[in-house]
Amino acid sequence: VRLGLTKLPDGVNWPLFAGGACLGGIGFTMALFVNGLAFPGAEHAAAEAAGKVGTLLGSLVSSVVGAAVLVAVLWRRRG
């Protein structure tokens, strides 16, 4: 955008864009798949479980932060 190669869509500002970007962190299915490949078998069960918990917590944080940013931006736009 700063280089002038593109522009934000109509009705989208940087705070709204940032909220949507936070929601992009929810994509946990590939992370769980890679975690399963990285720690296969029973000998890595604890590491696999930790990876799953970390992935799900990261997705939860992304969804909460993204939703909070979007609600705040849209609430401010409304009033």
Side-chain angles (χ1 to χ4, degrees):
V1 172
R2 286 185 181 193
L3 294 175
L5 300 174
T6 188
K7 65 178 189 144
L8 290 175
D10 292 336
V12 175
N13 57 15
W14 285 109
L16 192 63
F17 184 82
C22 288
L23 291 177
I26 297 174
F28 59 87
T29 53
M30 276 309 291
L32 289 176
F33 174 70
V34 171
N35 181 54
L37 292 177
F39 304 112
E43 67 266 10
H44 300 292
E48 184 179 9
K52 286 180 182 179
V53 170
T55 299
L56 294 174
L57 284 176
S59 295
L60 177 66
V61 169
S62 292
S63 64
V64 169
V65 170
V69 169
L70 289 177
V71 165
V73 169
L74 295 174
W75 186 267
R76 195 173 331 144
R77 253 190 200 185
R78 187 174 159 227

For the residue pair [X] and [Y], what are the closest heavy atoms and their distance?
X     : Y     : result
Asn35 : Ala47 : OD1-O, 4.2 Å
Phe39 : Glu48 : O-OE1, 3.6 Å
Ile26 : Ser63 : CD1-CB, 3.6 Å
Ser62 : Cys22 : CB-O, 3.4 Å
Leu70 : Gly20 : CD2-N, 3.9 Å
Ser59 : Gly25 : OG-O, 3.9 Å

Requested in this report: With the side chain counted from C-beta on, respond yes when Leu74 and Leu16 share a heavy-atom pair under 4.5 Å apart, and no when they do not.
Outcome: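 SC-SC contact between Leu74 and Leu16 confirmed.
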Does [X] belong to the same Ile/Leu/Val/Met/Phe/Trp/Tyr cluster as [Y], with side-chain heavy atoms less than 4.5 Å apart forming each link?
X     : Y     : answer
Val1  : Val12 : yes
Leu23 : Leu56 : yes
Val61 : Val71 : no

